[in-house]
Amino acid sequence: MIIERLKLAATKSLTVFSLALMLALCSTAEARAVLDDGYTFFGADTVMSSGVAKGWYPKPLLKVIGDVPKRSAFRLSVGKGGKELYGHRCELAGRSGVEAQACYDRTKIISQTGVLDFDVYFIDGDTGSESLLRKYKIDVQMAKRFKPGPGLYFIARHGEGGAAMITEKLNVLYLQTTVSPKENFGQVFGYTPYLRCSVNGAPINLAKSDTSFRQDNDRTVSAEFSESTKSTGFQKEYLRFQFFNIQLPLTVGEKSGYGLNVLTKPGKWDCSITGDKDRSLFRKFSFVVGAQGLMPHAEQTAGTINLADKTVLVNYEIPKSGSSVDARIAPGAVPGFFYGIRMSTVEGKAMELAIPTVGDRYPVGY
């Protein structure tokens with residue numbers, strides 16, 4: 001009897017162990033496919049026919065964090081009110097940090113505008129199973145153009161300007177954020193804006209303070225609004241959302257051959273960027289440096305957003321009146337950042353609520 005009880009107990013223990021192992025393996029398999037929210041970008045291409053805009057199709061930039069099996073794929077679904085308007089599947093190469101290449105279908109045309117759902121699914125190349133990676137929301141609009149041609153579709157990014165990340169590239173740190181800039185803003189703001197920082201409230205002397213504003217053309221949204229009336233004649237105004245990679249004079253390397261400041265002081269860093277010509281404040285931001293370097297933001301540790309290695313969300317503040325760089329600032333039609341991901345922490349929610357309104361959301365006459 002005792003032996004039989006021992007066998008039964010052993011069988012139950014083995015069953016529990018096997019179940020735990022299966023759950024762990026399933027969790028591991030699911031964890032292999034995670035989207036890099038900081039990399040995600042949605043563009044819209046207008047489909048023309050006989051000089052008339054028939055609609056648009058999405059051109060996304062998507063990247064997986066970590067390894068995925070060969071023959072894995074993304075399935076994209078754009079919809080509104082539960083009805084799918086666009087569907088497409090594109091395969092991935094099956095390597096670490098893989099990006100989706102040319103993941104769009106020009107033949108599937110969407111005519112709807114406004115706030116739409118954009119769901120990204122992952123199809124496992126080993127098992128064929130499908131899982132939802134992200135539910136995004138996009139705000140699609142059309143630029144009114146009376147001359148020289150028909151209107152063009154675009155995806156607005158007003159709310160995205162309220163968030164920013166710091167990423168490390170070859171030991172150098174870059175501040176990444178979306179801005180709707182004025183034309184030739186450098187002539188007023190300056191071409192070498194400077195950085196000021198304090199650590200735990202104590203100002204630090206930066207050996208090098210110049211920053212460099214670099215525009216990422218792959219993540220540019222631009223549209224031309226124009227109108228022609230008897231009273232005003234022909235008017236034209238541009239709308240632009242630009243993803244900035246702002247090179248900071250900071251490095252995480254032990255030494256710097258470029259005179260950059262090494263992040264050797266642990267604690268909370270509070271920094272600001274100011275124009276070198278008009279001395280206007282561009283942005284304030286803060287992050288934490290630990291013994292191992294940059295510490296992830298609370299939204300990352302909470303699992304709200306997924307960012308690539310060596311990239312952290314920062315606490316970010318836009319001046320209430322904007323800066324001489326900004327043409328337009330406004331809360332997005334979609335609450336949250338990164339195409340509708342709502343923040344869950346005190347710091348993140350505060351950034352959502354702090355986006356000011358500067359200038360016109362769209363050009364006058366829209």
Side-chain angles (χ1 to χ4, degrees), residues 38-46 48 53 56-61 113-115 137-165 174-191 193 211-227 234-247 273 275 277-278 280-283 316 318-319 321-334 337-340 355-366:
Y39 180 86
T40 298
F41 174 80
F42 296 117
D45 264 19
T46 302
M48 307 293 294
W56 63 279
Y57 63 90
K59 293 186 70 173
L61 294 177
T113 58
V115 176
K137 286 188 178 294
I138 56 176
D139 178 21
V140 184
Q141 299 293 331
M142 174 184 265
K144 295 180 178 180
R145 295 179 65 194
F146 295 89
K147 290 181 181 180
L152 299 177
Y153 292 89
F154 66 94
I155 297 176
R157 303 205 75 196
H158 289 95
E160 302 300 327
M165 304 164 286
Y174 292 80
L175 181 71
Q176 298 181 322
T177 189
T178 298
V179 179
S180 180
K182 295 178 180 177
E183 294 291 324
N184 303 318
F185 64 85
Q187 295 178 5
V188 175
F189 180 69
Y191 296 102
T211 69
S212 176
F213 280 46
R214 302 180 179 182
Q215 301 179 9
D216 186 342
N217 292 327
D218 289 337
R219 286 166 177 75
T220 297
V221 176
S222 60
E224 174 192 309
F225 288 77
S226 58
E227 64 176 349
F234 179 66
Q235 295 181 329
K236 182 167 61 177
E237 192 174 355
Y238 293 96
L239 175 72
R240 186 178 182 87
F241 298 101
Q242 183 69 60
F243 189 78
F244 278 179
N245 278 300
I246 303 173
Q247 183 175 335
I273 296 177
K277 280 193 174 183
D278 64 4
S280 70
L281 174 67
F282 171 65
R283 300 290 188 268
Y316 194 60
I318 304 174
S321 58
S323 73
S324 54
V325 175
D326 301 296
R328 320 172 193 279
I329 305 174
V334 178
F337 303 130
F338 305 102
Y339 296 103
I355 301 176
T357 299
V358 177
D360 298 308
R361 176 181 288 272
Y362 295 111
V364 177
Y366 174 68

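A distance of 10.0 Å separates NZ of K59 from CG of D218, quoted to the nearest 0.5 Å. Taken to the nearest 0.5 Å, the CG atom of N217 stands 12.5 Å off from the CZ atom of F243. Taking NE2 from H158 and CD1 from I329, the interatomic distance works out to 10.5 Å, rounded to the nearest 0.5 Å. Distance check, rounded to the nearest 0.5 Å: CD1 of I246 to CD of Q176 gives 9.5 Å.
Judged purely by atom type and a 3.5 angstrom limit, R240 has no side-chain atom pairing as donor or acceptor with the backbone of S222. Within the 3.5 Å criterion, the main-chain N or O of A327 finds no donor-acceptor partner in the side chain of S180. Between the T211 side chain and the Q247 main chain, no donor and acceptor come within less than 3.5 Å of each other. Under the 3.5 Å distance criterion, the side-chain polar atoms of E160 are matched with a main-chain donor or acceptor of Y339. A side-chain donor-acceptor contact under 3.5 Å links R361 to the backbone of P331.
Closest non-hydrogen pair, A53 versus Y153, comes out as CB-CE1, 4.3 Å. The two residues R283 and S323 have their closest heavy-atom pair at NH1-OG, 4.1 Å. Nearest heavy atom pair, residue Y238 against residue P363, reads O-CG, 4.4 Å. The minimum heavy-atom distance linking S324 with V188 is given by the pair CB-CG1, 4.1 Å. Here the closest non-hydrogen pair linking F338 and G38 is CE2-CA, 4.0 Å. Heavy-atom minimum distance, A333 versus D139: CB-OD2, 3.5 Å.
Relative orientation of the Y362 and F154 rings is perpendicular, given thresholds of 30° and 60° on the angle between their planes. The aromatic rings of F244 and F185 are tilted relative to each other, their planes meeting at an angle between 30° and 60°.
In the model, Q242 has a side-chain atom that pairs as donor or acceptor with a side-chain atom of T220 under 3.5 Å.
Looking at heavy atoms from C-beta onward, V179 lies out of side-chain contact with F213 at the 4.5 angstrom threshold. At a threshold of 4.5 Å between non-hydrogen side-chain atoms, the residues R219 and T178 do not count as touching. Taking the side chain as every heavy atom from C-beta outward, V221 and F41 approach each other to under 4.5 Å. Counting only heavy atoms from C-beta outward, the side chains of P193 and K277 never approach each other to under 4.5 Å. Using a 4.5 Å heavy-atom cutoff, the side chains of I138 and V334 are not in contact.
Remark: R157 is not positioned above the aromatic ring of F42, lacking an NZ or CZ atom under 6.0 angstrom from the ring centre and at most 45 degrees off the axis.
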